[in-house]
Amino acid sequence: HRLRRQKENTFIIIRDDRGGIIQSVFRSEKASHLTVESSIEVDGLLQKDPRAPEGGYEIKGNNLKTFNLAQPNYPIGEYQSTELLLDNRHLALRTRRMIAIAKVRASITKFARQWLIENDWMEVTAPVIVKSAVEGGSTLFKLGYFGEDVYLSQSAQLYLEAMIFCLGPVWSLTPSFRAEKSRTVRHLTEFLHLEVEAPWVSLEDILRVQEQLVSFIVQNVTNERFAELNQLKRNVTELKNIQAPFDRIPYEKAIEILQTKGFRIEENGNSRSIKWGDDLNVDSERELTKHYTNPVFVVGYPIQLKAFYVKEDRESLGRGLSADMLAPKGFGEITSGGLREDDIVSLTKRLEEQGLNPATYDWYLDLRRYGSVPHGGFGMGIERLMRWLTDIEDIKDTVLFPRTVSRVVP
Ligand code: NSS
């Protein structure tokens, strides 16, 4: 990991293949050939030494065997530009920061799975090669497929909906793809998507699943990855206090709050006051959540802001039975979900209104032709959750090999 040479002794900071670090000390002549990132095997005497940088132990080295003598031009030094680290992510993974990030990420998916399995949700997987959009045509990646146009899946939702009628509550953890042309700190073109779907649920049931799942993940990750979160300078005390239930803010209340704060929308070079029907952007989400420590739900968005599958509230027309969970302190949306339109006439009308061809969705419409039931679910972006839990602004640093509009290598 590092080498510190003195006249008599050389300190070799060894990184093991699980990311642990220990210092060893050798007579300098035995280590004179060594370079940083060489792979070695050492034997020696493990000694307690309070001066040792990690863990209070040091290896008094005896023999050293070199497996691969690294070339001396290792591109990553102590201080590097973000771009260089991204270009060399295959090597930058070995930095202490990236190791901590990888461990937090592994714990997040582990505890998400654990909660779902313990609560009797069934794991499934859906195809990634698909024929239709779930979240709007503008972010579809097109693939050539034996002379036919197909797309990379934006969401497993439609397939999960097909499964719940015979498998009950299901979930999947698979990559989703969005051809996001904008460079932002919260958009990837490939992200890990946890999706959950269940029959016979109300919107409130779906919100409860989300807040319990997220609280469980946060509590357990905070425990298991206390050291890593501290290393990443995350305020862990703040996370320890995260607990369901989360506040529910009706959409119109959110607009009202923003209006009172004098929140404005920039539109075609003009600025105007925010009003009913406007979507919530990054800035408005930040404004709404800045005084919260828990995440909050914004509930009941105007239906025209939402995808074709969102069920309209029959008791309050124009409002969708859907909700987004916003992480506190401006981290913004981490989940989105709600009830699905289960009436074939309304669903077909919604497809047409959004310029989508109902014929492409024929198999999906079958789910309404043959024994539909009230149902719903949600999707959570693992990297969005990671940003908040690690307090890392740029989403590219929450995944080991990020994919964005300008990056597919390494
Ligand atoms: O587009 S979503 O808001 N909703 C869906 O895809 C639903 N079909 C999910 C469902 O109900 N099964 O995306 C869901 C979440 C969203 O809240 C973010 O957390 C994450 O997926 N998401 C992203 N993360 C990173 N990068 C991008 N581009 C991205 N888009 C969505």
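Here, residue 1 is the first one in the sequence, and each next residue gets the next number. These numbers come from a predicted model, not from an experiment. Ligands are counted one by one from 1 in listed order, and the atoms in each one are counted from 1 as well.
- With Arg178, Gln154, Met380, Glu135 as candidates, the residue nearest to atom 13 (O) of ligand 1 on a non-hydrogen basis is Arg178.
- Listed by atom number, the atoms of ligand 1 under 4.0 Å from Thr335 heavy atoms are 17 (O).
- Side-chain atoms of Gln23 and Arg4 include a donor-acceptor pair closer than 3.5 Å.
- Ion pairing between Glu266 and Arg272 fails under the 4.0 Å rule for side-chain N and carboxylate O.
- Protein heavy atom closest to atom 16 (C) of ligand 1, with residue, atom name and distance, is Glu333 OE2, 3.2 Å.
- Close approach of ligand 1 to Glu180 (heavy-atom distance below 4.0 Å) involves ligand atoms 28 (N).
- Listed by number with element, the atoms of ligand 1 under 4.0 Å from a non-hydrogen atom of Arg340 are 10 (C), 11 (O), 12 (N).
- Here the heavy atom of the protein found nearest to atom 21 (O) of ligand 1 is Phe191 CE1, 3.3 Å.
- Using a 4.0 Å cut-off to heavy atoms of Arg186, the atoms of ligand 1 that qualify are 25 (C), 26 (N).
- Cation-pi check for Lys142 over Tyr151 is not met; the charged atom does not lie both under 6.0 angstrom from the ring centroid and within 45 degrees of its normal.
- In terms of protein heavy atoms, atom 15 (C) of ligand 1 is closest to Gly379 O, 3.7 Å.
- Taking 4.0 Å as the cut-off between side-chain N and carboxylate O, Arg89 and Asp397 count as a salt-bridged pair.
- Counting only N and O atoms by type, the side chains of Tyr57 and Gln47 include no donor and acceptor under 3.5 Å apart.
- A donor atom on one side chain and an acceptor atom on the other are found under 3.5 Å apart for Thr139 and Gln154.
- A salt bridge links Arg314 to Glu341: one of the charged nitrogens lies within less than 4.0 Å of a carboxylate oxygen.
- For ligand 1, the polar-atom distance check finds an N/O of Gln157 within less than 3.5 Å of one of the ligand's N/O atoms.
- The closest non-hydrogen atom to atom 9 (C) of ligand 1, taken over Glu195, Arg384, Arg387, comes from Glu195.
- Within the structure, ligand 1 has His193 among the residues with a heavy atom less than 4.0 angstrom away.
- In terms of polar-atom proximity, defined here as any N/O pair under 3.5 Å, Ile334 does make such a contact with ligand 1.
- Using a 4.0 Å cut-off between charged nitrogen and carboxylate oxygen, Lys349 and Asp343 do not count as a salt-bridge pair.
- Inclusion of Leu188 in the set of residues having an N or O under 3.5 Å from an N or O of ligand 1 is warranted.
- Looking at Gly381, Ser155, Ser336, Gly377, it is Ser336 that brings a heavy atom closest to atom 3 (O) of ligand 1.
- Side-chain contact check for Glu135 and Ser155: no donor-acceptor pair (N or O, by modelled atom type) lies under 3.5 Å.
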